[in-house]
There are 2 protein chains.
Amino acid sequence: MNELRRPDARPLYVQVEAILNERIVSGEWKSGQAIPAEPELAAELGVSAGTLRRALARLEQRHLIERRQGRGTYVSQQTSQQALGLFFRVRNFAGKPVRPESFITGVTTGPATPEEAARLRLSPGEAVHRIDRRRHLEGEPRIAERIALPAALFPGLSLPLAPKQLGAEIYVHYRNAHGIIVVSAEEDLSAASATEEEAALLGCPVGAPLLLIERVTFDAAGRPVELRVSRLDTRAHRYAVEIV
Amino acid sequence: MNELRRPDARPLYVQVEAILNERIVSGEWKSGQAIPAEPELAAELGVSAGTLRRALARLEQRHLIERRQGRGTYVSQQTSQQALGLFFRVRNFAGKPVRPESFITGVTTGPATPEEAARLRLSPGEAVHRIDRRRHLEGEPRIAERIALPAALFPGLSLPLAPKQLGAEIYVHYRNAHGIIVVSAEEDLSAASATEEEAALLGCPVGAPLLLIERVTFDAAGRPVELRVSRLDTRAHRYAVEIV
DNA sequence: GTTGCACGGTCTTGTATAAGACACAAGACC
DNA sequence: GGTCTTGTGTCTTATACAAGACCGTGCAAC
């Protein structure tokens with residue numbers, strides 16, 4: 001029986017959510033694993049089934065767990081499928097989601113720029129790893145991208161990415177190799193003109209309009225874990241947003 | 001007592017949600033009005049309080065109602081506040097949401113273009129109203145915008161917009177004058193170069209990169225009710241997206 | 001007499017509990 | 001290959017209490 005309850009002002013179902021969240025983040029419950037059945041878990045936590053279900057519903061909404069009637073409740077696998085569906089909003093003109101191919105063009109480590117430090121909530125000059133990628137959509141080079149990662153969170157950057165190709169499985173890799181579970185992101189969109197370098201990379205005229213996407217990604221604990229700046233050639237693709 | 005239940009395969013709380021949704025859309029419950037208290041409504045519909053609450057929670061998530069502990073449940077007012085907060089995603093560099101000012105530059109009616117017809121699910125050549133606007137952010141002209149509305153849904157286009165200025169209150173107007181409740185939208189984003197006309201309007205160089213926003217808005221019944229094409233000058237502003 | 005305000009009472013939604021019927025999935029058994 | 005059993009999540013109901021908001025009463029101060 002836990003010490004939940006009154007001193008903590010938050011509703012019980014929020015406290016339960018936090019406890020379960022912690023079990024997932026800490027690795028006590030591993031990716032893809034089934035968690036205990038509802039009655040069992042409710043008994044263990046000393047709350048009613050209804051309260052537990054409410055907490056589980058919130059975790060499901062955040063994509064941390066998946067529930068299947070008749071089978072059980074599972075910790076989400078950060079599959080490439082899922083990560084792409086959640087975070088990659090690019091469609092072709094037919095409205096079909098596309099899968100990007102990725103080609104790494106450079107990996108470096110150095111002190112954070114002021115902007116990187118601000119966006120990633122680092123102290124000025126803290127080390128960041130940077131990965132530059134070219135990404136292809138439907139066979140054509142369409143995205144120029146730089147990813148900045150706090151070096152403190154990714155010691156040694158033990159990424160198997162020296163080879164030229166790496167899928168969008170970076171998030172999967174984050175989770176498996178560094179215990180970081182990505183759950184949300186903020187993106188700022190604007191328009192920019194292609195530099196010479198970008199034009200060469202993307203095969204478009206210098207000065208062509210590109211969609212500039214600046215994304216900060218957060219993990220389950222709310223920490224910023226990635227700054228990603230992408231330049232998308234929108235001659236054949238769109239960035240899709242649904243507003244509810 | 002209604003004829004809910006078994007023949008309809010959907011869960012009861014979904015059926016209840018649909019009933020309440022209909023009461024709001026039909027105007028039986030008017031904007032800003034309080035709806036009956038939970039016990040009363042549950043009794044009237046012949047369902048338990050818990051089931052009713054679940055339906056109300058879903059309506060609240062769709063911003064159709066607002067619930068306040070101790071006071072009651074109210075049909076949402078499509079206030080300019082709310083409509084802007086939900087649909088207008090533009091921020092300045094400090095991250096602060098900005099309110100646009102609007103200046104109408106033209107209103108016309110004519111047959112829909114193929115693209116308009118497709119996006120608004122109209123038959124080819126059906127009539128649409130078009131409103132052209134210039135919008136200012138923090139005092140500067142930043143957005144060139146064209147709005148296309150199915151004429152069938154907006155008979156006569158009885159808008160009080162002959163004068164040059166009209167706030168972002170178009171959605172409020174939709175609701176009050178035409179009984180259309182806007183609840184969701186899909187946006188496609190891309191980058192485009194400013195034409196001469198746009199450059200003149202926005203005070204930017206010809207060919208400058210603009211963020212092109214194509215939005216289709218849907219009402220509570222799921223009908224497309226508006227196609228809006230905006231060109232945003234992102235020299236001083238950003239389009240913000242949150243991914244959960 | 002009038003104003004101001006504290007106190008209760010009563011209405012509302014929010015939280016938490018419990019219990020049973022149901023639907024789906026998987027494996028055991030025949 | 002069917003059928004049964006068991007274990008799971010899903011739906012629905014019912015009840016109780018907590019917490020916020022509102023309103024009127026009635027006392028106190030002026």
Side-chain angles (χ1 to χ4, degrees), chain A residues 1-21 23-24 29 32-77, chain B residues 1-21 23-24 29 32-77:
Chain A
M1 202 80 65
N2 284 285
E3 269 324 314
L4 302 165
R5 297 242 164 220
R6 283 305 114 214
D8 190 335
R10 294 177 301 170
L12 200 43
Y13 63 85
V14 176
Q15 301 178 45
V16 170
E17 181 194 3
I19 291 174
L20 303 183
N21 184 74
R23 291 196 184 175
I24 295 170
W29 288 342
Q33 182 183 340
I35 73 175
E38 289 183 2
E40 187 184 339
L41 195 48
E44 185 218 328
L45 295 169
V47 301
S48 72
T51 299
L52 172 66
R53 279 185 60 76
R54 201 161 170 185
L56 290 174
R58 291 165 62 97
L59 290 169
E60 186 181 29
Q61 228 174 0
R62 294 168 53 207
H63 306 285
L64 278 170
I65 61 174
E66 288 167 17
R67 322 186 65 189
R68 268 172 293 180
Q69 184 177 170
R71 294 196 54 184
T73 300
Y74 298 81
V75 179
S76 291
Q77 306 209 43
Chain B
M1 203 81 67
N2 285 285
E3 269 326 314
L4 302 166
R5 297 245 163 220
R6 284 302 115 214
D8 189 337
R10 294 177 302 169
L12 200 43
Y13 64 85
V14 176
Q15 300 178 46
V16 170
E17 180 194 5
I19 292 174
L20 303 183
N21 184 76
R23 291 195 185 176
I24 295 170
W29 288 341
Q33 184 183 336
I35 74 175
E38 289 180 5
E40 186 183 339
L41 196 48
E44 185 218 328
L45 295 170
V47 301
S48 72
T51 299
L52 173 66
R53 281 186 61 76
R54 198 158 173 188
L56 291 173
R58 291 165 63 97
L59 290 169
E60 187 181 27
Q61 227 173 1
R62 293 168 53 207
H63 306 285
L64 278 170
I65 60 174
E66 289 167 17
R67 323 189 63 189
R68 267 171 294 179
Q69 184 177 168
R71 294 196 54 184
T73 301
Y74 298 80
V75 179
S76 290
Q77 306 209 41

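Lettering of chains follows the sequences in order, A, B, ..., and the numbering in each one begins at 1.
Taking every heavy atom of both residues into account, A/Glu38 and A/Leu52 meet most closely at O-CD2, 3.2 Å. Contact between A/Gln15 and A/Arg10 at its shortest, heavy atoms only, is NE2-O, 2.7 Å. Contact detail for B/Val75 and B/Trp29: the closest heavy-atom pair is CG2-CB, 3.9 Å. A/Leu56 and A/Ile65 get closest at one heavy-atom pair: O-CD1, 3.4 Å. Taking both residues in full, the closest heavy atoms of A/Gly32 and A/Tyr74 are given as O-CD2, 3.6 Å, listed atom of the first, atom of the second, then distance.
Between the OH atom of A/Tyr74 and the C1' atom of C/dC24 there is a distance of 12 Å, rounded to whole Å. Look at CZ on A/Arg54: it is 15 Å from P on D/dC11, rounded to the nearest Å. Atom CZ in B/Arg10 sits about 17 Å away from atom C1' in D/dT10, given to the nearest Å. Between B/Tyr13 atom OH and D/dT10 atom P there is a gap of 9 Å when expressed in whole angstrom units. Distance, B/Glu66 CD to D/dG20 P: 19 Å, rounded to whole Å.
Just one residue in the list B/Leu64, B/Ile35, B/Leu45 forms a side chain to side chain contact (heavy atoms under 4.5 Å, CB included) with B/Leu20, and that residue is B/Leu45.
Put simply, CZ on A/Arg58 and CZ on A/Arg54 are 7.5 Å apart, with the number rounded to the nearest 0.5 Å. With values rounded to the nearest 0.5 angstrom, A/Ile24 atom CD1 is found 5.5 Å from A/Leu59 atom CG. Here the straight-line distance linking atom OG of B/Ser48 with atom CZ of B/Arg53 works out to 11.0 Å at 0.5 Å rounding. A/Gln77 CD to A/Gln33 CD: the interatomic distance, rounded to the nearest 0.5 Å, is 11.0 Å.
Using a 4.0 Å cut-off, some side-chain N or O of A/Thr51 falls inside it from OP1 or OP2 of C/dT17.
Here B/Glu60 does not pair with B/Arg67 in a salt bridge; the nearest charged N to carboxylate O distance is not below 4.0 Å.
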Please write out each protein N/O paired with an N/O of nucleotides 14-17 of chain D under 3.5 Å, distance rounded to 0.1 Å.
none

Show me the protein contacts with nucleotides 5-9 of chain D, counting only N or O atoms at under 3.5 Å.
| from | atom 1 | to | atom 2 | distance (Å) |
| --- | --- | --- | --- | --- |
| D/dG7 | N2 | A/Gly70 | O | 3.0 |
| D/dT8 | O2 | A/Gly70 | N | 3.3 |
| D/dG9 | OP1 | A/Thr73 | OG1 | 3.3 |
| D/dG9 | OP2 | A/Glu38 | N | 3.0 |
| D/dG9 | N2 | A/Gln69 | OE1 | 3.2 |

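A stem is defined here as three or more consecutive Watson-Crick or G-U pairs, each with both distances under 3.5 Å; for DNA chain C these stems are C:1-30 with D:1-30.
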